[in-house]
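Scroll down for the structure; my scribbles are underneath it.
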Amino acid sequence: MKNLEIAWIISKIADLAELKGENPYKVMAYRNAAENIKKLDVDITELYKKNELLSIPGVGQNIAAKIEEIIETGKSKYYEELKKEAPRDYEKILRIPGLGSSRLRMILQQLPIKDINDLKKAAKAKKIRKLPGLGPKTEQAILTNVKIQENKKNLKPLIFALPVAEEIVNLLNKLDFVEKGVIVGSIRRKKEMIKNINLLIQTTSPERVAKIIKKMPGVEDVSSEGDVITVDMVMGIRAFIHLTRNDFYTKLQHFTGSKAHNIKLKQIAQQRGFELSETGLFKEHTKIVVEAEEDVYTKLGLQYIPPELREDRGEIEAALEHDLPELITLQDIKGDLHIHTNWSDGLNNIEEIAEQARKMGYNYIAITDHSKSLKIANGLTEDELIKQRNYIKKLNKNFKGIEILAGIEVDIRKDGSLDYSDDILKKMDVVIASVHSGFNQDEYTLTKRLIKAMENKHVNIIAHPTGRLLGKREPYKININDVFKKAIENNIVLEINASPDRLDLKDVHCREAKKMGIKMVINTDAHEKSNLYDMEFGVQNARRGWIEKKDIINTKSLKDLKQILSRKL
DNA sequence: GCCGTTTTCGGCCCGACTGTTTTCAGTCG
């Protein structure tokens with residue numbers, strides 16, 4: 001068992017304990033411990049061997065004992081017992097808005113409900129509205145949202161699937177009978193939601209690989225058919241491990257997908273007198289030597305297509321014309337313009353953030369804490385903001401190598417007004433505006449609200465424009481085209497939020513915005529210094545949206561950036 | 001359940017909104 005699986009079990013214990021009605025602070029303690037385990041940069045089994053589990057923040061005697069049990073037996077009795085008491089798909093049920101653990105617990109005490117289907121039946125039979133504190137609206141919410149949850153088909157965010165895939169592939173790559181192992185499929189294409197993990201492993205001994213996989217940590221069930229081993233992981237995701245002895249690069253191309261991309265590519269191959277399959281590229285039944293994945297494309301007369309573009313969204317046509325975009329890379333990024341510190345709800349102070357950014361080779365950053373109406377995030381009052389701005393000015397004098405811009409993430413209130421006056425906003429280097437409340441307003445109201453904020457001449461950037469949280473919260477209803485038009489009209493920069501929970505704007509929106517000539521910025525929205533590394537996810541998402549260096553303002557020099565930020569009508 | 005201490009117990013993020021009530025509990029961010 002590794003950090004990831006242990007953290008996952010501890011966090012599931014938190015969810016189930018909450019459902020059971022345990023002390024909320026106990027629940028919080030489990031959640032906190034799980035977060036800290038996930039963040040460890042050492043192997044937790046090593047800590048256990050050295051008897052140092054208690055050195056993990058948030059882990060005391062009790063949780064340490066559970067970790068020990070999981071390491072020793074692969075299981076936690078407490079977790080297994082809690083699971084038995086809960087409905088099978090409690091996670092899906094709890095994603096229904098308005099139905100939290102407290103109400104669900106009450107429902108479970110009154111009605112015999114074993115899964116989400118039973119809940120749907122109860123709602124249909126109008127049994128929910130009869131329960132104390134619940135009424136027809138909650139019943140209706142259950143009915144409409146059960147459908148949404150049922151349609152989700154177990155897709156997991158990339159950030160959930162990727163570390164699991166990396167863990168398996170790293171383990172296999174250490175074996176001397178594995179020549180090379182790589183992640184393929186939708187994870188390689190950096191799709192935001194993932195159904196299955198796909199790995200391609202070239203090995204001299206498929207049998208020995210199969211044996212190792214059976215004994216791998218975090219595995220629940222293994223079956224194998226032909227060259228594919230199917231692995232069901234404890235964390236509820238399935239991995240397909242494709243084993244091969246040869247033809248690595250045509251297989252790499254094949255298993256990376258997408259299906260639609262491959263179908264079209266094969267058609268092109270045929271038209272040009274080739275035959276392309278996973279076992280090789282052939283011309284007149286003669287196998288052509290393929291020594292890299294690039295060869296598959298170049299031998300067919302195409303430009304090499306990066307995995308992020310392989311969705312049959314016009315990339316093959318563009319590659320035929322040698323007209324693919326020159327996709328942005330992580331190295332193009334010169335700074336991060338959306339960062340929180342411990343002045344509001346961030347973990348680190350400004351100096352720690354700046355130091356980290358300097359280490360990453362950035363030329364500039366913007367500190368953009370929350371504004372006063374976001375009480376839960378300890379939003380800054382006007383006085384505090386001015387104080388912070390002055391502090392940053394002083395800091396810049398003795399902080400060499402990087403420029404710290406004084407910014408703010410100002411809240412867009414329900415009527416579209418901002419919660420600071422123009423007098424305050426005009427003093428800031430960067431003004432980010434964003435929505436943090438009233439998500440269920442209708443499309444007309446929400447769009448009007450965003451547009452009103454974009455009309456403020458001090459606003460530079462709209463952050464996480466659609467407000468979605470992957471796998472957790474739907475985007476709020478806005479007319480994205482109207483927002484795009486306003487962005488052009490008022491010279492507003494739209495954010496591509498790099499937080500792996502958000503990726504907002506999403507890939508197809510990035511592409512539309514680019515076509516319209518809208519300027520964008522890739523920001524992490526970091527709440528602690530390690531989040532600055534999330535930039536990678538933002539860049540990948542942007543690449544899926546055909547974004548180039550020139551489309552993104554934080555690839556510019558400090559001088560050019562300042563010019564853009566000081567724009568105003 | 002964890003943590004810190006003025007240490008073995010008290011505090012742990014908190015306010016607005018919603019749907020249900022008719023004064024409030026639960027949910028959400």
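Quick note on labels: first sequence line is chain A, next is B, and so on, each numbered from 1.
Minimum atom distance to the side chain of N62(A) is reached by dC2(B), of the listed dC2(B), dT18(B), dC12(B).
For dC14(B) and dC9(B), the C1' atoms lie 24 Å apart once the distance is rounded to whole Å. Nucleotides dC13(B) and dG29(B), compared at atom C1', are 12 Å apart to the nearest Å. When the P atom is used for both dT6(B) and dG11(B), the distance is 15 Å, rounded to whole Å. One P atom belongs to dT27(B), the other to dT20(B), and the distance between them is 13 Å to the nearest Å. Across the C1' atoms, dG1(B) and dT8(B) are found 15 Å apart, a figure rounded to whole Å. The C1' atoms of dG26(B) and dT21(B) are separated by 13 Å, rounded to the nearest whole Å. Comparing the same atom, P, in dT23(B) and in dC28(B) gives a spacing of 25 Å after rounding to whole Å.
By the 4.0 Å N-to-carboxylate-O rule, K514(A) lies close enough to D551(A) to be salt-bridged with it. A salt bridge is defined here as a Lys NZ or Arg NE, NH1 or NH2 lying under 4.0 Å from an Asp or Glu carboxylate O, and E352(A) with K529(A) fails to meet this definition. Salt-bridge check for K84(A) with E81(A): failed, with every basic side-chain N at 4.0 Å or more from each acidic carboxylate O. Using a 4.0 Å cut-off between charged nitrogen and carboxylate oxygen, R358(A) and E351(A) do not count as a salt-bridge pair.
In this structure, I56(A) atom CD1 and dG1(B) atom P are separated by 17 Å, rounded to whole Å. The CD1-P distance, from I37(A) to dC2(B), rounds to 11 Å in whole Å. With rounding to whole Å, N32(A) atom CG is found 13 Å from dC13(B) atom C1'. Between the NZ atom of K26(A) and the P atom of dG1(B) there is a distance of 4 Å, rounded to whole Å. L54(A) places its CG atom 12 Å from the C1' atom of dC3(B), with the value rounded to the nearest Å. One can place CD1 of I13(A) at 15 Å from C1' of dC2(B), the figure rounded to the nearest angstrom.
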>> Strictly under 4.0 angstrom, non-hydrogen atoms only: write out the protein contact profile of nucleotides 19-29 of chain B, one letter per nucleotide from the 5' end, B, S or -.
In response: SS-----SSSB
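For the pair K66(A) and Y78(A), the cation-pi test (distance below 6.0 Å, angle within 45°) is passed.
Counting any heavy atom pair closer than 4.0 Å across all strands shown, Q61(A) reaches sugar-phosphate atoms only and no base atom. No engagement by V27(A) is indicated, since no non-hydrogen atom pair under 4.0 Å with the nucleic acid exists. Counting non-hydrogen atoms under 4.0 angstrom, D345(A) reaches nothing in the nucleic acid.
Within the 4.5 Å cutoff, no side-chain heavy atoms of D411(A) are placed close to those of H370(A).
For the side chain to side chain contact (heavy atoms under 4.5 Å, CB included) with I350(A), the qualifying choice from I339(A), D369(A), I392(A), N342(A) is I392(A), the only one to do so.
Across all strands shown, dG4(B) pairs with dC9(B); the Watson-Crick or G-U wobble distances both stay below 3.5 Å.
Each of P57(A) and M28(A) was matched to the nucleotide of DNA chain B holding its nearest heavy atom; the match closer to the 5' end belongs to P57(A).
Here the two rings, on H464(A) and H436(A), have centers that are under 6.0 Å apart.
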